[in-house]
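Reckoned from all heavy atoms, side chains included, excluding hydrogens, waters and symmetry mates.
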Amino acid sequence: MYDQYLARRYRTTVRPRVEDYKIKDNVAIVGIGQTEFSKNSGRSECQMACEAIKAAVEDAGLNIEDIDGLVKYAMDYTDEMHIVSALGIPDLNYFGECGWGGGASCATILHAATAIASGAANYVVCYRAMNERSGARYGRAPGVEQIMIAPNDHYGYLMPFGLATPPSWVAMFATRYMYEFGATVEQLGWVSVVCREYACMNPKAMFYGRPITLQDYMESRMIVEPLRLYDCCLDTDGAVAVILTSAERAKALKQRPAYILGATQGIATQGEMMTSYYRPMISILPESWYAGQELWRVTGLSPKDVDVAQLYDAFTPLIPMQLEEYGFCGVGEGVAFCEGGDRIRLGGEIPCNTSGGHLSEAYIHGMNLIAEAVRQIRGTSTAQVEDAEISLVTGGLGVPTSAVLLRR
Amino acid sequence: MSMVYDTEHPVPIPPIIWDNMGYWEGINRHELVFQRCKECGTWRHPPRPVCPKCRSFEKEWTPSTGKGAVYSWVTYQESPHPGFKAPYSVVLLEMEEGVRLVSNMVDIKPEEISIGMPVEVVFEDIAEGLTLPKFRKVG
Ligand SMILES: [Zn+2]
């Protein structure tokens with residue numbers, strides 16, 4: 001079985017030449033903006049999107065009129081036409097959306113950067129706004145009407161059997177992962193504890209001021225065995241936006257640019273929406289492996305070069321699994337890597353999710369992780385990695401995913 | 001103990017499309033069938049229009065032995081939907097044909113389920129128009 005895993009080959013023969021990759025060093029994230037993160041925003045998602053975009057533009061030292069591109073998540077209910085009208089953006093020449101839930105997060109950066117590097121747009125905004133806590137929570141199973149009209153017939157193989165929510169979909173992977181690699185829930189708990197420590201350093205985090213111990217984790221209520229409450233991300237109302245432009249224009253702007261070394265996406269075969277149970281192994285995340293292989297290929301870097309990482313953490317098992325797939329440790333070693341927490345804390349080999357991540361800062365579908373990756377480059381994180389030069393951020397898991405590598 | 005449905009609430013009904021019609025028709029007549037490529041003989045599930053190995057569109061709904069083993073499992077402690085009574089377990093099964101599918105076990109407590117447990121198919125008529133393949137421990 002592991003032979004099959006190790007036999008995965010990235011088909012570099014079908015990829016463009018590295019020297020033709022136009023994004024590297026030519027595009028930068030120059031502005032970040034966000035609303036507060038809460039359980040009840042008391043306003044529309046459209047308003048929050050506009051607030052975050054306005055804040056990002058001001059952060060960059062730009063004007064709303066400068067925006068000529070928008071990239072949204074397919075799952076975001078606020079479309080680009082309404083943003084343009086609401087904010088009074090005069091016109092827009094580049095817009096599009098990226099699919100697959102949180103898998104879209106770093107993909108929006110790839111699409112924006114592609115537009116900028118190719119000369120299709122100058123200033124492109126990526127945003128995510130959601131009343132996910134006060135509105136339709138992802139942790140609740142959809143009503144029968146929604147399933148009946150599901151565009152994905154695959155729901156029919158899951159929902160009638162009660163496998164109906166994201167924690168259960170990931171729990172199915174986690175059970176098998178722990179069985180194959182002999183990992184324990186106590187070991188997983190450290191991921192949750194460390195993310196909470198980071199949140200307690202971040203006054204904007206929803207769990208600021210609420211530390212937990214491993215004991216608290218073990219005593220948190222079981223949601224879908226083997227996953228407990230503290231294995232699951234927050235539900236959040238809020239919005240985050242970022243703005244990108246060319247490296248050349250970035251020099252004239254207000255903030256230290258976060259230059260894009262690489263931005264990639266990944267789909268692996270035999271996938272299904274968060275339930276890719278039909279592959280030879282399910283204790284792995286092949287989408288992440290492909291996104292990672294491409295990232296290392298186009299940047300010429302390796303995990304050893306990375307100073308800080310924001311790994312998409314909808315559920316705790318996804319952090320150790322990504323540490324494996326992006327090459328920070330070997331197959332099956334991720335959970336042991338996180339045990340005790342020191343290797344993912346400040347001063348450790350790879351500090352992870354330094355704002356608290358989805359588990360403890362807020363769940364803005366990966367966009368808050370991108371903002372934190374930028375703060376690490378600027379030197380303004382509340383858990384700053386000293387002299388951070390290279391900052392990794394990854395997109396949603398169990399779905400087609402994406403990743404971005406930033407540099408100072 | 002089996003998965004208990006509260007049929008006061010509508011239980012999710014599988015969407016039927018061209019590609020999976022034969023699968024659900026089989027279930028409705030209490031027969032577990034999977035797609036098998038007519039060209040190269042490869043089994044596949046979930047159903048798809050074409051063989052990913054040899055790209056042949058010719059396929060047959062072929063009866064399964066109905067036997068397999070537990071590959072992974074989860075247990076809901078809180079119900080996510082008013083149609084399902086918690087606690088209940090959901091299992092991922094690997095069938096003798098090599099394909100996997102998601103289902104529930106019958107006549108077993110959640111804590112008795114383990115990876116590798118041999119199972120065989122049974123059919124449950126849940127509600128008007130909804131029959132599902134379920135599995136019980138063998139041996
Ligand atoms: Zn074939």
Side-chain angles (χ1 to χ4, degrees), chain A residues 1 137-180 220-229 232 269-273 275-283, chain B residues 3-5 9-21 23-24 44-48 52 70-94 98-104 110-111 113-116 124 126-127 130-134:
Chain A
M1 198 59 88
R137 299 173 71 172
Y138 295 161
R140 301 268 184 276
V144 66
E145 302 78 11
Q146 279 168 278
I147 292 165
M148 289 294 284
I149 59 161
N152 187 346
D153 62 292
H154 190 250
Y155 276 0
Y157 312 121
L158 314 172
M159 299 289 189
F161 303 95
L163 197 75
T165 52
S168 73
W169 300 336
V170 171
M172 194 68 91
F173 291 105
T175 301
R176 186 73 198 184
Y177 179 99
M178 293 198 283
Y179 169 81
E180 286 187 11
S220 71
R221 73 177 196 277
M222 196 64 86
I223 303 292
V224 185
E225 197 180 341
L227 299 185
R228 293 169 160 75
L229 179 66
C232 304
T269 196
Q270 284 182 290
E272 296 288 352
M273 177 69 176
T275 49
S276 303
Y277 301 147
Y278 313 96
R279 293 169 168 157
M281 283 181 78
I282 67 164
S283 48
Chain B
M3 169 105 186
V4 179
Y5 295 89
H9 298 275
V11 172
I13 306 285
I16 310 290
I17 61 169
W18 282 111
D19 294 330
N20 69 16
M21 209 174 278
Y23 178 72
W24 290 111
R44 62 179 189 262
H45 186 76
R48 296 196 198 282
V70 175
Y71 189 79
S72 191
W73 56 268
V74 305
T75 301
Y76 268 96
Q77 297 296 346
E78 300 173 0
S79 176
H81 184 284
F84 311 133
K85 290 189 177 167
Y88 66 89
S89 298
V90 187
V91 289
L92 177 63
L93 304 164
E94 187 162 276
V99 299
R100 298 208 193 107
L101 78 161
V102 167
S103 183
N104 309 112
E111 59 271 25
I113 297 170
S114 64
I115 289 178
E124 238 179 62
I126 311 291
L130 180 63
T131 298
L132 295 174
K134 300 288 176 103

Practice item. Please report the shortest heavy-atom distance between B:Trp24 and A:Gly156, naming the atom on each side. Key: CZ2-O, 3.4 Å
Review point. Rounded to the nearest 0.5 Å, how far apart are CE of A:Met172 and CH2 of B:Trp73?
Key: 10.0 Å
Review point. With under 30° as parallel and over 60° as perpendicular, where do the rings of A:Tyr278 and B:His45 fit, or are they tilted in between?
Key: perpendicular
Check your understanding: Just how far is it from atom OH of A:Tyr277 to atom OH of B:Tyr71, taken to the nearest 0.5 Å?
Key -> 12.0 Å
**Study point:** Straight-line distance of B:Ile17 CD1 to A:His154 NE2, nearest 0.5 Å
**Key:** 11.0 Å
Practice item. To the nearest 0.5 angstrom, please state how far the CZ atom of A:Phe173 sits from the OG atom of B:Ser72. Key: 9.0 Å
Check your understanding: Among B:Lys134, B:Arg48, B:His9, which has the most heavy-atom pairs under 4.5 Å with chain A?
Key -> B:Arg48
Review point. Checking heavy atoms, do the side chain of B:Pro133, its backbone, both or neither come under 4.5 Å from chain A?
Key: both
Point to revise | Separation between CD of B:Glu78 and CZ of A:Arg221, rounded to the nearest 0.5 Å | key: 4.0 Å
**Study point:** Heavy-atom pair count under 4.5 Å with chain B, highest-scoring of A:Pro226, A:Ser168, A:Gly162
**Key:** A:Gly162
Check your understanding: Taking A:Ile282, A:Leu158, A:Thr269 one by one, which has the highest count of heavy-atom pairs under 4.5 Å against chain B?
Key -> A:Ile282
Exercise for review: Would you check if there is a donor-acceptor pair between the side chains of B:Tyr76 and A:Thr165 at a distance under 3.5 Å?
Suggested key: yes
Check your understanding: By a 4.5 Å heavy-atom criterion (distance strictly below it), what part of A:Arg279 contacts chain B: side chain, backbone, both, or neither?
Key -> backbone
**Study point:** Contacting region of B:Val91 [heavy-atom separation from chain A under 4.5 Å]
**Key:** backbone
**Study point:** Segment of B:Pro52 engaging chain A (4.5 angstrom heavy-atom cut-off)
**Key:** neither
Check your understanding: Just by modelled atom types, is the B:Ile115 backbone N or O under 3.5 Å from a matching donor or acceptor in the A:Tyr179 side chain?
Key -> no
**Study point:** Spatial distance of atom CG (A:Asp153) from atom CH2 (B:Trp18) [nearest 0.5 Å]
**Key:** 14.0 Å
Point to revise | Side-chain donor/acceptor of B:Asn104 to backbone N/O of A:Phe161, under 3.5 Å | key: yes
**Study point:** Side-chain donor/acceptor of B:Tyr5 to backbone N/O of A:Pro160, under 3.5 Å
**Key:** yes
**Study point:** Side-chain (A:Thr175) to main-chain (B:Val74) donor-acceptor, under 3.5 angstrom
**Key:** no
Revision key, fill the gap. By side-chain hydrogen bond (donor to acceptor under 3.5 Å, both in side chains), B:Glu94 pairs with (sequence neighbours left out) B:Arg100
Point to revise | B:Arg44 portion near chain A, given a 4.5 angstrom heavy-atom threshold | key: neither
**Study point:** Residue list, side-chain hydrogen bond (donor to acceptor under 3.5 Å, both in side chains) with B:Thr75, at least two apart or on another chain
**Key:** B:Ser89
